[in-house]
2 protein chains.
Amino acid sequence: MRNECIDCDCVLKSSVELKDCQMEMLGGHHAVVKFRKGDPVIKQGVFSTNVIFLRKGMAKVHITGPSREQIVRLVKAPTYLGLPTTFGDKINQYSVTAVLDSEVCFIDLGVFKKLLSENREFNSYILLELCKSELEAYRRCASRTQKQMRGNLADVLLEFSEHLFESDQFTLPLSQSDIGNWVDAGRESINRALSEFIQDDIIEMTGRKVKITNKKLLKTISQNG
Amino acid sequence: MRNECIDCDCVLKSSVELKDCQMEMLGGHHAVVKFRKGDPVIKQGVFSTNVIFLRKGMAKVHITGPSREQIVRLVKAPTYLGLPTTFGDKINQYSVTAVLDSEVCFIDLGVFKKLLSENREFNSYILLELCKSELEAYRRCASRTQKQMRGNLADVLLEFSEHLFESDQFTLPLSQSDIGNWVDAGRESINRALSEFIQDDIIEMTGRKVKITNKKLLKTISQNG
DNA sequence: TTTAATTTGTGAGATATGTCACATCTTTCT
DNA sequence: AGAAAGATGTGACATATCTCACAAATTAAA
């Protein structure tokens, strides 16, 4: 029986050649699960001893704030998730919810740690990922609080276009109120701002389908808050 | 000559017994520098190949946002700094400035990495620290944007009292405008809120000396935004 | 010590966004 | 298909906070 891990991005993504024996270890201690759009993958506050690898799809990472649910990032496959939990409390410190149909690989923490200690490259890779996340969090926080809504919304649209979907046309995987929870704004404000963007011929929208028609202006808005 | 690293918290802090040879390596490749209150330790945008260990004192970590300088965290010794930079770009992604007289140990990146790969415990320790920072950043971001000013200011005062100085009386190491840059508020707003706290007998202030007289209420304010 | 620079204290007015309220669409479930 | 739940438009109003302005007090520099 062919070990499915061999073809999995878990391995490719880390740009690491795992040894055969390591491959086998991974193969024997993981579980691939499919999630439907909207399904919770990790729930904040729940005990966990798995590292999560998002193989396919897209998910939102969110934590419960003082008054509402705060989306901290939106990630697309392939990527690891739940690392901070894993090394820390064993209690999930945030929730992850699929926003598109997704496939997730649950990897046993023990196996993951063993891999980490046996494979130096893999270790460096994970270290680097964590560093990047931290910096990203800092930057986001600074932008979000200093820019005003239009700027933040522009950011999000550009994020969709440039990183998540890599296209000027895409279907919003989030509701307007979720976008609000992401950029710290009320649902109504997001709605009004989107209408303005349409009015100003920056985007076209049909339902949740978005087409960016004036990316240059959008970037200006993103920068000038 | 006695290797000063032996007594340094670098080692203690990590709860790791470094081997003698590792100690020596560290001893030969580091430089201890003293900074005065207000001095920049790391400057965003500058090339760097050192890991920074804050031995003594206190420092603010800040990044330049769209419109103003954003303080992302305030740290006290002993702690590592600049890790994300180190593993990533080699260009400092944020600035660090001493807010109290401090002592910093610059450790050569190569040596640090070698240590990391040779000492599994040390590696885990650093990994864990990074995870904690990331989570902390998420939580902060959610609080800051969802609470209103009084709540955030209360947070900061409690942070000083409980984590940074571990006392109900302390001297603010930041100006009011810096506190504003930390909690995303204007200097004037901070000032007014502090006056209110004094009026409501929550704190006493003489210059920058603060004494928390009603911590319970302060915590309530912190929670209820 | 004198001067300059930086902080702190306070007021009045402008404004971006939140909040509430309802109508209209969509999607989901039975 | 029909009902229920959720998502989207849009208005009017309240309000927390920013901005500008200027004086007093503190700290640093010359």
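Chain identifiers are assigned alphabetically (A, B, ...) following the order of the sequence lines, protein sequences preceding nucleic acid strands; residue numbering begins at 1 within each chain.
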K.L.:
What is the nucleic acid contact for Arg208(B), judged by heavy atoms within less than 4.0 Å: base, sugar-phosphate only, or nothing?
P.N.:
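It contacts sugar-phosphate atoms only.
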K.L.:
Can we say Asp184(A) and Lys147(A) salt-bridge, meaning some charged N sits less than 4.0 Å from an Asp/Glu carboxylate O?
P.N.:
no
K.L.:
Measure the distance from CD1 on Ile198(B) to P on dG9(C) and round it to the nearest whole Å.
P.N.:
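Checked: the CD1 to P distance equals 7 Å.
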K.L.:
If I take atom NZ in residue Lys37(A) and atom C1' in nucleotide dT27(C), what distance separates them, rounded to the nearest angstrom?
P.N.:
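Interatomic distance, NZ of Lys37(A) to C1' of dT27(C): 10 Å.
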K.L.:
Where each residue is assigned the nucleotide of DNA chain C containing its nearest heavy atom, which of Ala185(A) and Ser177(B) is assigned the position nearer the 5′ end?
P.N.:
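It is Ser177(B), whose closest nucleotide lies nearer the 5' terminus.
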K.L.:
Determine the contact category for Asp184(A): base if any of its heavy atoms lies under 4.0 Å from a base atom, sugar-phosphate if only primed atoms, P, OP1 or OP2 are that close, otherwise nothing.
P.N.:
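Touches sugar-phosphate only.
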K.L.:
Does Gln148(A) contact dC18(D) through a side-chain donor or acceptor facing the base, at a distance under 3.5 Å?
P.N.:
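Checked by distance alone, the answer is no.
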K.L.:
Would you say NZ of Lys56(B) has more than 12 non-hydrogen atoms from neighbouring residues, nucleotides or ligands within 6.0 angstrom?
P.N.:
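Check fails, neighbour count at 12 or below.
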K.L.:
State whether Asn191(B) places a side-chain N or O below 4.0 Å from either non-bridging phosphate oxygen (OP1 or OP2) of dG9(C).
P.N.:
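Checking Asn191(B) against dG9(C): at least one side-chain N or O falls below 4.0 Å of OP1 or OP2.
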K.L.:
Report the distance from atom CE of Met149(B) to atom P of dT19(D), rounded to the nearest whole Å.
P.N.:
14 Å
K.L.:
Could you point out which residue of Ile107(A), Leu130(A), Leu54(A), Ile52(A) forms a side chain to side chain contact (heavy atoms under 4.5 Å, CB included) with Tyr80(A)?
P.N.:
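Of the listed residues Ile107(A), Leu130(A), Leu54(A), Ile52(A), the side chain to side chain contact (heavy atoms under 4.5 Å, CB included) partner of Tyr80(A) is Ile107(A).
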K.L.:
Under 4.0 Å between a side-chain N or O of Ser189(A) and OP1 or OP2 of dG18(C)?
P.N.:
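So the side chain of Ser189(A) is within the cut-off, an N or O lying under 4.0 Å from OP1 or OP2 of dG18(C).
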K.L.:
Just checking Lys215(B): does its NZ atom have more than 12 heavy atoms from other residues, nucleotides or ligands closer to it than 6.0 angstrom?
P.N.:
yes
K.L.:
Output the rounded distance in Å from CD (Glu196(A)) to P (dA16(C)).
P.N.:
10 Å
K.L.:
Mind calculating the distance between CE (Met205(A)) and P (dT8(D)) to the nearest angstrom?
P.N.:
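From Met205(A) CE to dT8(D) P: 8 Å.
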K.L.:
Any N or O donor-acceptor pair under 3.5 Å from the base of dT6(C) to the side chain of Arg187(B)?
P.N.:
no
K.L.:
Nearest whole Å is fine: how far is dG18(C) P from Gln176(A) CD?
P.N.:
14 Å
K.L.:
Starting from P on dA16(C), measure out to CD1 on Ile221(A) and report it in whole angstrom.
P.N.:
15 Å
K.L.:
Output the single nucleotide from dT19(C), dT7(C), dC20(D) whose closest atom is nearest the side chain of Ser175(B).
P.N.:
dT7(C)
K.L.:
Might you work through the side-chain contact (heavy atoms from CB on, under 4.5 Å) test for Leu174(A) and Phe160(A), ending with a clear yes or no?
P.N.:
CA-CA 11 Å; Leu174(A) 296 179; Phe160(A) 279 128; 4.3 Å; yes
K.L.:
Could you check how far CD of Glu188(B) sits from P of dA16(D), rounded to whole Å?
P.N.:
18 Å
